[in-house]
Colleague: 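Dumping the structure here so I can ask a few things about it.
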Amino acid sequence: DGERFVLVSHAPDSDSWWNTIKNAIAVAGEQMNVEVEYRNPPTGDLADMARIIEQATASNPDGIIATIADYDVLSGPLSNAVAKGIPVITINSGTEEQSKAIGALMHVGQPEFAAGKGAGEKAKAAGVTKFLCVNHYITNPASVERCQGYAEALGVELGDQMIDSGQDPAEIKSKVMAYLQTNPDTNGILTLGPTSAHPTLAALDEMGKAGTIHFGTFDLSSEIAEAIKSDVIAFAIDQQPYLQGYLPVVILTNLARYGVVPGNSINSGPGFVTKANIALVEKYAGEYR
Amino acid sequence: MADTGEQTIEQLKEEIRDERLRETSRLRKMFIRPELGAICGAILVFAFFLVVAGGSGMFAPEGIINWSVVSAQFAIIAVGACLLMIAGEFDLSVGSMIGFSGIVIALMTVQWGLPAWFAIIVAFALALAIGALNGYLVIKTGLPSFIVTLAFLYILRGATIYISIATTRKTIIGGVREAAEGDPIAWLFGGKLFSGLFVWLSDIGIVDKFVAGPKAGQPVVEGIPMLVIWAIALIIFGHVLLTRTKFGNWIFASGGDSQAARYVGVPVNRVKILMFMFSAFCATVFATCQVMEFGSAAADRGLLKEFEAIISVVIGGALLTGGYGSVIGAALGALIFGVVQQGLFFAGVESSLFRVFLGVILLLAVILNTYIRRMITGER
Amino acid sequence: MADTGEQTIEQLKEEIRDERLRETSRLRKMFIRPELGAICGAILVFAFFLVVAGGSGMFAPEGIINWSVVSAQFAIIAVGACLLMIAGEFDLSVGSMIGFSGIVIALMTVQWGLPAWFAIIVAFALALAIGALNGYLVIKTGLPSFIVTLAFLYILRGATIYISIATTRKTIIGGVREAAEGDPIAWLFGGKLFSGLFVWLSDIGIVDKFVAGPKAGQPVVEGIPMLVIWAIALIIFGHVLLTRTKFGNWIFASGGDSQAARYVGVPVNRVKILMFMFSAFCATVFATCQVMEFGSAAADRGLLKEFEAIISVVIGGALLTGGYGSVIGAALGALIFGVVQQGLFFAGVESSLFRVFLGVILLLAVILNTYIRRMITGER
Amino acid sequence: MSAPLVELVDIEKHFGPVIALNGVSVSVKAGECHCLLGDNGAGKSTFIKTMSGVHKPTRGKILVDGKERTFSSPRDAMQAGIATVYQDLAMIPLMSVTRNFWMGREPERRVGPIKVFDFREANEITMNEMAKMGIHLRSPDQAVGTLSGGERQTVAIARAVYFGARVLILDEPTSALGVRQTSNVLATIDKVRKNGIGIVFITHNVRHAMAVGDRFTVLNRGKTLGTAQRGEITAEELQDMMAGGQELAQLEGSLGGTV
Amino acid sequence: MSAPLVELVDIEKHFGPVIALNGVSVSVKAGECHCLLGDNGAGKSTFIKTMSGVHKPTRGKILVDGKERTFSSPRDAMQAGIATVYQDLAMIPLMSVTRNFWMGREPERRVGPIKVFDFREANEITMNEMAKMGIHLRSPDQAVGTLSGGERQTVAIARAVYFGARVLILDEPTSALGVRQTSNVLATIDKVRKNGIGIVFITHNVRHAMAVGDRFTVLNRGKTLGTAQRGEITAEELQDMMAGGQELAQLEGSLGGTV
Ligand SMILES: Nc1ncnc2c1ncn2[C@@H]1O[C@H](COP(=O)(O)OP(=O)(O)OP(=O)(O)O)[C@@H](O)[C@H]1O
Ligand SMILES: Nc1ncnc2c1ncn2[C@@H]1O[C@H](COP(=O)(O)OP(=O)(O)OP(=O)(O)O)[C@@H](O)[C@H]1O
Ligand SMILES: [Mg+2]
Ligand SMILES: [Mg+2]
């Protein structure tokens with residue numbers, strides 16, 4: 001009892017999406033009676049994240065849960081942790097292959113490019129030919145990959161269909177409006193999370209285009225759920241972050257206590273949340289969903 | 001005694017006529033003003049985008065509203081930063097203050113269910129108190145405001161994130177709009193004015209109407225957002241305060257030479273603390289408008305806004321070291337900032353290049369402004 | 001003539017004995033130094049974490065390497081910022097420069113397949129050129145370096161993002177480590193020293209060994225990372241340069257009063273431009289070490305690092321306005337910064353509170369430093 | 001003779017361990033020019049800052065028209081009619097002459113509900129007052145930075161006089177000025193004095209003091225060495241008092257004559 | 001008399017539209033003190049800045065030991081033996097006395113492959129040179145900010161003398177100083193002159209000039225009004241020349257005597 005695990009994410013302090021995972025580890029920690037610490041680089045600098053993993057390793061926890069935001073940067077510190085005999089589970093970003101190469105027990109997550117591509121396939125089916133990918137986090141490689149996956153599924157060049165929107169909601173909104181005005185033939189939108197989705201909703205609403213453009217987004221929030229219900233957003237890609245936080249804690253605890261561990265990686269997503277399955281999602285959006 | 005005076009004046013008049021400066025001075029006086037650089041800049045920028053993006057809808061009513069809103073945002077914080085900078089200090093905690101105020105409002109309304117008007121008042125009170133603390137520390141310790149407000153940049157941001165996570169387990173808090181429905185104060189920040197006017201304008205064909213979707217038949221421009229009204233109000237307030245009142249003279253004096261001002265009885269400490277509070281006030285107006293418009297607050301709002309405010313002010317001709325500047329200039333700086341940012345979009349330029357443009361414009365603007373300032377003040 | 005001199009000395013000696021200052025001056029001289037505040041701070045911080053996080057592995061060999069590396073990172077940019085600040089200027093473009101240099105190296109090696117040593121040399125050359133441009137603009141235009149380097153903060157970051165997206169459609173470029181395998185220069189930035197020593201240490205049980213995986217049997221601390229070596233080398237270089245050489249005296253003079261220095265023949269412009277270049281050099285060392293260690297470069301690397309460098313320097317006792325400071329102080333500032341940042345993790349404190357701590361430490365440190373400085377320099 | 005307008009009795013002022021003033025008494029009467037002389041660090045500036053409300057005395061009394069007063073800010077002293085023109089800090093170069101002239105006491109005018117700075121009146125008065133002092137400005141909007149040193153001093157003096165100063169304190173107004181500008185300032189002092197204003201004139205320069213002074217007080221290391229009437233003392237005696245007499249003797253052998 | 005060490009012939013200096021100097025000729029001989037007088041804005045500072053290599057003259061020649069030279073920086077002028085002590089900009093208060101003393105010409109010592117600042121020697125020489133000038137320092141590490149105004153001037157003069165200045169230029173060294181400090185500085189000038197160094201001494205104060213000057217040149221509006229030997233001219237005549245004669249006459253009626 002009382003095992004100590006550390007979860008290291010790549011997200012800056014203020015990234016809201018990670019709260020679901022924080023809540024998940026809190027729940028799991030309580031249920032399993034273990035201690036789980038959440039750590040992240042305050043500004044989202046991946047080099048800082050590598051230091052945090054090294055530091056976590058130095059503190060000899062019973063297990064480390066980490067994202068593979070950048071394989072190059074993180075493979076070293078993570079494989080050192082493995083070599084030190086600390087069980088590692090990778091979550092969220094990164095691929096199964098990378099996880100194996102590091103020597104982690106398993107990967108719980110969703111590959112970003114594939115998720116973007118999944119979104120793109122749905123969009124293609126809905127007849128999207130020209131789209132806008134609102135990237136509020138242009139410096140994060142995963143964000144760019146999502147846009148690229150979407151573009152590839154549509155079979156078009158990404159080009160300047162991805163915009164660097166910044167994080168300020170009013171600016172995002174204005175930029176989306178400006179883009180849609182200058183590119184009126186745009187018939188698909190992809191946003192990469194609530195930060196860009198909310199202002200985009202406001203922009204569409206103000207331009208009277210709500211519901212006329214095929215709109216997909218990553219991740220959930222109460223506003224997004226509302227928009228799915230009212231047919232403005234077609235789908236939200238839900239990688240079920242709750243599982244990414246909850247499962248590794250449970251698995252690591254069981255490994256520590258009874259030496260049991262599943263043999264394969266787990267895909268927590270992509271799950272598509274649409275009007276059909278919104279009801280349950282909505283209740284916990286932003287907290288457990 | 002009177003004789004000596006008279007005689008000397010006559011002599012001096014002679015001398016001045018010699019200088020051959022007097023004839024031009026009237027013309028110069030009209031043109032050579034602190035905001036001249038910003039005026040030229042604004043004209044150039046508009047000319048540029050009229051050529052480059054004239055056909056892209058940038059100057060249609062919707063387009064105008066589009067860049068106006070962005071400029072208005074910059075202007076709101078620029079007015080605060082401008083007065084503070086003229087008073088000789090500056091504030092790096094503006095961005096963190098925006099995040100902080102937003103979360104305070106959202107927490108109180110959504111999480112604790114308090115009425116929106118109460119939350120807004122509390123947020124303003126807190127912001128003013130923190131602004132006063134900033135000013136108090138700067139004055140008491142004699143440290144440069146760069147350091148003190150840099151410390152608050154970190155403290156406030158950290159506290160905001162911590163508070164929002166500790167109380168709600170989220171760093172983004174939504175649902176404020178619903179909670180503020182029908183509130184007696186909230187519309188002051190989130191509403192739109194003159195909707196009727198725009199309906200009429202669309203009826204006579206000046207403004208387009210939506211042709212499809214749920215809003216078909218309504219004008220494409222719904223009204224003037226309160227954000228713009230606030231910006232205009234703050235600009236007018238700041239401009240009148242600075243150039244037309246006693247207090248404005250004190251602001252200039254405090255920034256120009258605080259010791260000299262203190263000696264003639266200007267309450268410099270009070271002026272500076274009040275300006276720190278005003279800067280915090282503007283940040284909170286910004287935050288409240290944003291929260292009310294988008295219905296959510298996030299702990300990371302306002303990142304790097306302090307720089308954007310300072311850039312607007314500096315483009316507008318103010319002196320980084322205080323004692324010189326103009327609110328109109330700062331507003332024009334904000335306009336330039338907003339128009340360039342959105343204009344590049346309308347013009348279809350790769351959006352990451354925006355930062356490069358911004359840097360170059362900043363450099364050119366300050367060089368021009370320095371030249372103008374030297375002509376006015378006789379600095380060397 | 002000699003008589004007058006002698007006599008006056010005698011008189012003065014009398015007077016000085018009266019002052020009753022002389023006896024204490026030797027003791028004071030030993031203690032009252034620019035870095036005193038930082039020394040006290042460092043002792044306090046270590047004492048604090050020994051108590052709070054003593055059992056968490058923070059002071060085990062791996063733990064020590066961990067916070068040493070973080071501190072070394074801060075120290076590398078702090079040394080550059082320190083010398084520049086003492087020379088009377090500062091550089092807000094350090095963070096953007098880190099991102100820029102990293103992308104340049106990664107692009108050249110991975111994308112264009114050029115040898116790593118060539119890429120590194122080109123990156124340094126570009127950085128030095130940009131540093132020189134920064135300095136040149138500051139000196140030619142007479143603008144405050146705050147404005148000029150703020151412009152470059154935006155220009156460089158924008159250019160970095162644009163270049164990396166335009167050429168690779170990504171903002172992160174990986175695979176540098178593989179491309180740099182066996183390179184004659186690259187190991188200088190990415191390697192580790194004294195591996196033998198640590199193998200021995202692990203054999204005698206002082207350092208743990210890996211127990212699993214391909215590295216089983218090797219010590220958990222592989223060696224001293226080159227980053228730390230660079231930091232130490234730069235600190236020594238900076239300290240010797242500043243306190244022991246002619247050029248160091250010129251740095252102080254340029255920052256203390258550039259006009260006075262110019263009049264006695266100090267080549268102030270050269271000194272300042274060289275310091276801007278040195279600051280850019282340090283940023284590039286930082287970037288190259290990071291790229292070589294982690295094997296990838298990203299356009300967002302180094303965000304806000306300029307503030308962290310300035311904070312380290314200021315905690316270390318330097319004066320924001322130039323002419324006063326110490327490299328050892330800046331290094332201690334970096335150490336405090338690194339230890340607090342990592343220590344809070346070891347102590348398990350909520351990470352968002354880190355910023356609050358940082359802000360408070362900054363405030364306390366500068367207040368203490370101001371007090372010490374006044375004692376030394378007779379400022380009022 | 002008339003009663004003193006302002007009288008400072010036994011003023012002491014300590015800055016931490018430093019004793020800047022150690023019992024100084026000085027009085028100023030209407031229409032007289034009281035010169036305060038003393039070497040560097042004698043405490044002249046500290047004394048007049050006490051008089052003008054910048055510093056609070058550690059001990060001692062300030063009497064205005066015979067009644068004891070305490071000044072807690074420069075404003076208080078100004079309200080009591082004591083105006084000061086500081087050596088370096090007279091003016092803010094970036095601001096216009098009018099703004100400088102009225103700084104701290106801007107005239108106001110109602111426009112609807114708000115009070116605004118009455119520029120029309122302010123400009124007019126500024127131009128007039130400056131003209132009375134013999135300075136003709138190009139425009140009241142001219143930045144003070146474009147004026148010469150003597151002109152700036154004159155703006156500061158004109159300002160103090162206009163605001164009904166009954167006592168005008170001048171801290172080394174002439175030390176950076178040339179002969180012509182100096183004589184201008186001295187003439188101004190003379191003019192002002194004739195209007196019945198009491199003047200405290202601080203200088204290192206015995207000649208300047210002798211030219212306009214009615215009474216002379218010499219400070220040395222925070223103490224008064226005594227006060228003399230005009231005519232009771234020669235320039236040479238004053239000089240000796242200031243320097244303490246000794247070094248100067250040595251110098252004179254080599255150089256001859258007074259400095 | 002000996003040949004001039006430095007001679008400036010017909011110097012003109014324009015700043016854009018401003019003509020600061022319009023044909024000024026001045027020479028300095030070994031062991032003499034040449035006083036440069038003139039009102040504010042007469043061009044004194046501009047002239048000596050030309051002489052010390054800060055400004056390049058628009059027209060005119062600079063002769064050192066009879067040979068024409070051009071100075072492209074203050075360093076050049078210093079190498080030619082011309083050292084300058086500026087009014088406000090003499091010293092950097094935050095730095096130690098030694099560092100200030102040696103600023104720009106630090107003594108070096110080899111330690112292995114690198115050259116380092118030789119502090120031991122520097123400190124010793126500084127203490128000695130200051131002692132020669134009559135200033136005894138507590139420690140050479142003492143910050144200049146803790147010295148008095150006169151002491152700072154002396155450090156600057158000692159520095160210039162030590163570095164083998166053959167011509168020493170002093171820009172208003174006495175304007176902010178008290179009597180005692182002034183007489184100290186004047187005594188120092190006298191000492192230095194006796195060592196065979198030529199001195200250019202700029203002042204507004206005719207008394208100070210008369211006390212040490214061998215020759216006097218008056219500048220007015222960028223032009224030389226003439227040069228006089230000691231004894232050829234009285235203080236009153238000098239004063240009149242500086243002021244242009246007219247206003248002063250008015251003043252004298254009211255005030256009596258010279259200023
Ligand atoms: N704020 C202060 N704190 C500590 N000491 C002070 C302060 N102000 C003045 N002093 C000291 O008090 C003494 C008197 O200074 P003061 O400025 O009054 O001299 P002064 O007669 O005006 O000299 P000067 O002729 O150089 O202007 C000096 O020793 C000075 O160092
Ligand atoms: N860098 C410059 N640019 C433009 N004009 C200048 C510059 N330097 C000096 N001047 C002008 O040249 C003239 C002479 O100035 P200078 O400083 O030489 O006078 P000065 O005799 O030293 O006066 P003071 O006694 O006040 O020191 C003045 O009119 C001044 O305004
Ligand atoms: Mg004084
Ligand atoms: Mg001069």
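A quick note: this is a predicted structure, and the numbers were derived from the prediction, not measured.
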Colleague: Can you tell me which portion of L153(C) sits under 4.5 Å from chain B's heavy atoms? Options are side chain, backbone, both or neither.
Modeller: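 Only the side chain of L153(C) comes within 4.5 Å of chain B.
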Colleague: Which of the residues L353(B), V360(B), I367(B) is involved in the greatest number of heavy-atom pairs with chain C at under 4.5 angstrom?
Modeller: L353(B)
Colleague: Does atom CZ of F307(B) have more than 12 heavy-atom neighbours from other groups under 6.0 Å away?
Modeller: yes
Colleague: For the candidates L358(C), V366(C), L156(C), L304(C), which exhibits the highest count of non-hydrogen atom pairs separated by less than 4.5 Å from chain B?
Modeller: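 Of the options given, most contacts go to V366(C).
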Colleague: Side-chain contact test, heavy atoms from C-beta onward, threshold under 4.5 Å: evaluate it for F90(B) versus L320(B) and give yes or no.
Modeller: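 Sidechains of L320(B) and F90(B): in contact.
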Colleague: Less than 4.5 Å apart, side chain to side chain, heavy atoms only: is that true for Y324(B) and P34(B)?
Modeller: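 They are in side-chain contact.
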Colleague: Heavy-atom pairs under 4.5 Å with chain C are the metric here; pick the option from T141(B), L150(B), V314(B) that has the most.
Modeller: L150(B)
Colleague: Tell me, side chain or backbone of L137(B) under 4.5 Å from chain C's heavy atoms, or both, or neither?
Modeller: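 Contact with chain C is through the side chain of L137(B) alone.
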Colleague: We want to know whether S279(B) and D91(B) form a side-chain donor-acceptor pair, criterion being a heavy-atom distance below 3.5 angstrom.
Modeller: yes
Colleague: With chain C, which of V148(B), T370(B), T321(B), I311(B) has the greatest number of heavy-atom pairs at distances under 4.5 Å?
Modeller: I311(B)
Colleague: Would you say OH of Y162(C) has more than 12 non-hydrogen atoms from neighbouring residues, nucleotides or ligands within 6.0 angstrom?
Modeller: no
Colleague: Quick check on F357(C) against chain B: is it the side chain, the backbone, both or neither that has a heavy atom closer than 4.5 Å?
Modeller: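 Neither part; nothing is under 4.5 Å.
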Colleague: Parallel, tilted or perpendicular, judged at 30° and 60°: which one describes the rings of F354(C) and F337(C)?
Modeller: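 Judged by the thresholds at 30° and 60°, the geometry between F354(C) and F337(C) is tilted.
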Colleague: Go through the atoms of I147(B) and report whether side chain, backbone, both or neither lie under 4.5 Å from a heavy atom of chain C.
Modeller: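 For I147(B), the contact with chain C is made by backbone and side chain together.
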